[in-house]
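Predicted model only: the values in this text are computed from it and were never measured. Chain naming here is simple, since letters A, B, ... match the order of the sequence lines and numbering starts at 1 in each.
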2 protein chains.
Amino acid sequence: MGASKSESFSEEHNEMATLFKALSHPARIAIVDYLLSVDSCICGDIVNELPLAQPTISQHLKELKNANIIKGTIEGTAICYCINPDTIDKIENHFGVIRHKLKNKCC
Amino acid sequence: MGASKSESFSEEHNEMATLFKALSHPARIAIVDYLLSVDSCICGDIVNELPLAQPTISQHLKELKNANIIKGTIEGTAICYCINPDTIDKIENHFGVIRHKLKNKCC
DNA sequence: TTATTATATTGCAATATTACGATAAAACAA
DNA sequence: TTGTTTTATCGTAATATTGCAATATAATAA
């Protein structure tokens with residue numbers, strides 16, 4: 001085996017797992033952090049910020065884009081990436097539900 | 001190559017990535033969900049809840065435990081697993097910071 | 001002691017991820 | 001047109017993850 005048996009789980013569980021997987025790499029956390037630290041959303045210099053080669057960063061950006069955590073819009077020769085607030089909302093909400101369920105228990 | 005260059009990133013980025021990686025599999029999301037749905041924290045029947053073999057579930061539990069997302073205490077022959085609220089707090093807080101930083105921007 | 005029950009570990013095969021050099025593609029400038 | 005800049009894709013090697021059968025361990029019961 002080796003492949004994850006995702007068909008066996010609910011769509012919601014798979015969706016959340018996909019979001020977390022997109023954030024499960026320090027480079028991708030760093031990219032999100034960088035996007036939050038710059039005033040404008042102009043990017044491309046992410047390559048200069050991180051100790052990774054350009055193809056590697058392009059790959060990480062693609063994964064963040066696929067998971068809808070960031071959005072990218074073409075701006076001439078460059079591409080402007082920015083955080084997608086809707087997805088942040090979705091994840092935050094997930095933890096809100098957990099927190100609520102946790103209130104009435106504990107071992 | 002192939003190994004993630006984690007030494008190149010900050011401790012905080014690595015820590016968050018590790019937490020998200022622990023949640024990046026539908027089975028582990030389902031386990032967290034199940035732990036939240038049962039009134040008591042008595043477990044072991046997670047094996048009956050999920051379509052995975054016992055060794056596989058044991059492995060997933062171990063990863064959640066290593067990431068401090070769940071805690072396990074021996075209770076006779078069985079083990080009582082439950083959510084670690086501190087770690088949930090930590091993740092929620094991370095998104096709180098993101099949300100705050102997001103407020104004053106957008107492209 | 002010998003079962004029984006609950007969980008963990010080992011070993012291995014299948015698959016996925018990470019990283020990067022080389023190269024391609026797309027937009028614009030000269 | 002040719003050159004430059006920016007980003008994406010291909011190909012491939014190294015490593016990590018997933019899943020499970022078999023087996024081991026630990027606690028209790030008979």
Using a cut-off of strictly less than 4.0 Å, decide whether [X] has a side-chain nitrogen or oxygen near OP1 or OP2 of [N].
| X | N | answer |
| --- | --- | --- |
| A/His60 | C/dT17 | no |
| A/Lys62 | D/dT7 | no |
| A/Lys65 | D/dA8 | yes |
| A/Lys21 | D/dT17 | no |
| A/Tyr81 | D/dA8 | yes |

Please round to the nearest 0.5 Å and tell me the distance separating atom [atom1] of [X] and atom [atom2] of [Y].
| X | Y | atom1 | atom2 | value |
| --- | --- | --- | --- | --- |
| B/Ile88 | A/Arg99 | CD1 | CZ | 7.5 Å |
| A/Asn68 | A/Thr87 | CG | OG1 | 4.5 Å |
| A/Ile69 | B/Ile98 | CD1 | CD1 | 9.0 Å |

| query | Hey, can you pull the residues of residues 9-20 of chain A with a non-hydrogen atom under 4.0 angstrom from DNA chain D? | reply | none
| query | Going by heavy atoms closer than 4.0 Å, what residues in residues 50-57 of chain B are next to DNA chain D? | reply | B/Leu52, B/Ala53, B/Pro55, B/Thr56
| Residue list, ring pair (Phe, Tyr, Trp, His ring centres under 6.0 Å) with A/His60, at least two apart or on another chain | A/His25
| message | Restricting to ring pair (Phe, Tyr, Trp, His ring centres under 6.0 Å), what partner residues turn up for B/Phe95, sequence neighbours left out? | response | B/Phe20
Report the distance from atom [atom1] of [X] to atom [atom2] of [N], rounded to the nearest whole Å.
| X | N | atom1 | atom2 | result |
| --- | --- | --- | --- | --- |
| B/Asn66 | C/dA8 | CG | P | 11 Å |
| B/Leu64 | C/dT7 | CG | P | 15 Å |
| B/Ile31 | C/dT7 | CD1 | P | 12 Å |
| B/Asp45 | C/dT5 | CG | P | 16 Å |
| B/Leu61 | C/dA8 | CG | P | 7 Å |
| B/Lys5 | D/dA16 | NZ | P | 15 Å |
| A/Glu63 | C/dA16 | CD | C1' | 10 Å |

| Residue pairs involving residues 8-22 of chain A (criterion salt bridge (Lys or Arg N to Asp or Glu O under 4.0 Å); sequence neighbours excluded) | A/Glu15-A/Lys90
| message | Once salt bridge (Lys or Arg N to Asp or Glu O under 4.0 Å) is applied, what residue pairs with a partner in residues 55-68 of chain B remain, sequence neighbours excluded? | response | B/Arg28-B/Glu63
| field | Any side-chain heavy-atom pair of B/Ile91 and B/Leu23 under 4.5 Å | value | yes
| said: Quick check: closest heavy atoms across A/Val47 and A/Ile57, and the distance to 0.1 Å? | reply: CA-CD1, 3.5 Å
| task | Measure from the side-chain heavy atoms of B/Ser58 and tell me the nearest of C/dT15, C/dT9, D/dT15. | result | C/dT9
| field | Options D/dT18, D/dT7, C/dA19, nucleotide nearest the side-chain atoms of B/Gln59 | value | D/dT18
